[in-house]
Amino acid sequence: QVQLVESGGGLVQAGGSLRLSCAASGRTFSTYGMAWFRQAPGKEREFVATISSGGESTIYEESVKGRFTISRDNAKNTVYLQMNSLKPEDPAVYYCAADADGLFYSDLYADERRYNYWGRGTQVTVSS
């Protein structure tokens, strides 16, 4: 069992930056692929980024490429999402998710139904 707790959300001006963190419980964090998803009001939850279990590889949704960076520190059981140049279309509840089944190396990494564990989310608001 893995428990995930997100933090770091808040209100930021357009063009600003936020760093989200997701702290995981358990001793097997380094074996999980990790991902960030987001859900805006009235919209379905969507994939943002994922990182391999060892942290050597990443994949991003097209609209965040070059602005967001996913990273992880396995010694601290934490995954991060650095968000720069935030835009009015970025506000959402941001969720981290853990994958025990090697989704990163398949075509299913963006499918939220495939992830084993989820945090409760952290709200990101962008003012124009």
Side-chain angles (χ1 to χ4, degrees):
Q1 188 77 11
V2 174
Q3 292 186 329
L4 304 174
V5 179
E6 301 94 336
S7 62
L11 173 63
V12 64
Q13 285 189 329
S17 298
L18 279 176
R19 187 195 196 200
L20 306 183
S21 299
C22 173
S25 65
R27 298 181 179 181
T28 58
F29 176 75
S30 62
T31 67
Y32 288 87
M34 298 296 297
W36 288 95
F37 285 75
R38 65 186 179 185
Q39 186 169 23
K43 295 186 177 181
E44 294 185 351
R45 190 153 53 184
E46 65 175 2
F47 168 78
V48 175
T50 184
I51 187 167
S52 58
S53 58
E56 66 277 3
S57 300
T58 57
I59 302 171
Y60 295 92
E61 193 274 327
E62 197 63 33
S63 69
V64 307
K65 279 183 181 178
R67 299 190 299 122
F68 291 10
T69 302
I70 187 172
S71 62
R72 66 190 296 163
D73 185 339
N74 285 345
K76 295 183 178 180
N77 279 16
T78 302
V79 63
Y80 305 97
L81 186 68
Q82 177 67 44
M83 304 186 295
N84 298 329
S85 302
L86 282 161
K87 298 180 178 181
E89 58 263 37
D90 292 322
V93 178
Y94 282 71
Y95 299 90
C96 70
D99 154 50
D101 301 319
L103 291 177
F104 186 91
Y105 301 102
S106 75
D107 294 332
L108 301 173
Y109 60 82
D111 185 347
E112 61 169 316
R113 299 168 297 177
R114 301 288 183 170
Y115 284 80
N116 306 97
Y117 304 103
W118 289 86
R120 293 187 175 184
T122 186
Q123 177 72 51
V124 171
T125 303
V126 179
S127 63
S128 56

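Residues: numbered from 1 along the sequence shown.
- Between the CZ atom of Arg72 and the OG atom of Ser21 there is a distance of 13.5 Å, given to the nearest 0.5 Å.
- Between the OG1 atom of Thr50 and the CD atom of Glu61 there is a distance of 13.0 Å, given to the nearest 0.5 Å.
- Here the two rings, on Phe47 and Tyr109, have centers that are under 6.0 Å apart.
- Looking at heavy atoms from C-beta onward, Val93 lies out of side-chain contact with Thr122 at the 4.5 angstrom threshold.
- Atom OG in Ser127 sits 5.0 Å away from atom CD in Gln13 (nearest 0.5 Å).
- The side chain to side chain contact (heavy atoms under 4.5 Å, CB included) with Val79 is formed by just one residue from the set Ile70, Leu20, Asn74, Leu4; it is Ile70.
- With contacts defined as side-chain heavy-atom distances shorter than 4.5 Å, the pair Ile59/Phe104 qualifies.
- Atom-to-atom distance recorded for Ser17:OG and Phe68:CZ is 9.5 Å, nearest 0.5 angstrom.
- Note on Tyr60: it does not cluster hydrophobically with Leu103, by side-chain heavy-atom contacts below 4.5 Å among ILVMFWY residues.
- The heavy-atom pair separating Ala14 from Ser128 by the smallest distance is CB-CA, 4.4 Å.
- Hydrophobic clustering (ILVMFWY, side-chain heavy atoms < 4.5 Å, transitive): Val64 and Phe37 are in distinct clusters.
- Going from atom OH of Tyr80 over to atom CZ of Arg19 covers 5.0 Å, rounded to the nearest 0.5 Å.
- Using a 4.5 Å cut-off on side-chain heavy atoms (C-beta onward), Tyr117 and Gln1 make contact.
- Between Cys22 and Tyr95, the closest side-chain pair of non-hydrogen atoms is not below 4.5 Å.
- When every heavy atom of Lys87 is checked against every heavy atom of Asp90, the shortest pair comes out as N-OD2, 2.7 Å.
- For the residue pair Ser30 and Ser53, the shortest heavy atom distance occurs at O-CB, 3.3 Å.
- Atom CD of Glu44 is surrounded by 12 or fewer heavy atoms from other residues, nucleotides or ligands within 6.0 Å.
- For the pair Val124 and Arg38, the minimum side-chain heavy-atom distance is 4.5 Å or more.
- Under the 4.5 Å side-chain criterion, counting only non-hydrogen atoms from C-beta, Asp101 is not in contact with Tyr115.
- Residues Leu86 and Leu18 share a closest heavy-atom pair of CD1-N, 4.0 Å.
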Check the pair Asp99 / Asn116 against side chain to side chain contact (heavy atoms under 4.5 Å, CB included), numbers first and verdict last.
-> CA-CA 5 Å; Asp99 154 50; Asn116 306 97; 3.9 Å; yes
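- Between Met83 and Tyr94 there is a side-chain heavy-atom pair separated by less than 4.5 Å.
- No more than 12 heavy atoms of other residues, nucleotides or ligands shown are found within 6.0 angstrom of CD on Gln3.
- Neither Leu108 nor Tyr32 shares a network with the other; the hydrophobic side chains, linked directly or stepwise wherever heavy atoms of I, L, V, M, F, W or Y lie under 4.5 Å apart, form separate groups for each.
- Taken to the nearest 0.5 Å, the CD atom of Glu6 stands 4.0 Å off from the SG atom of Cys96.
- Closest heavy-atom contact between Val2 and Ala24: CG1-CB, 4.2 Å.
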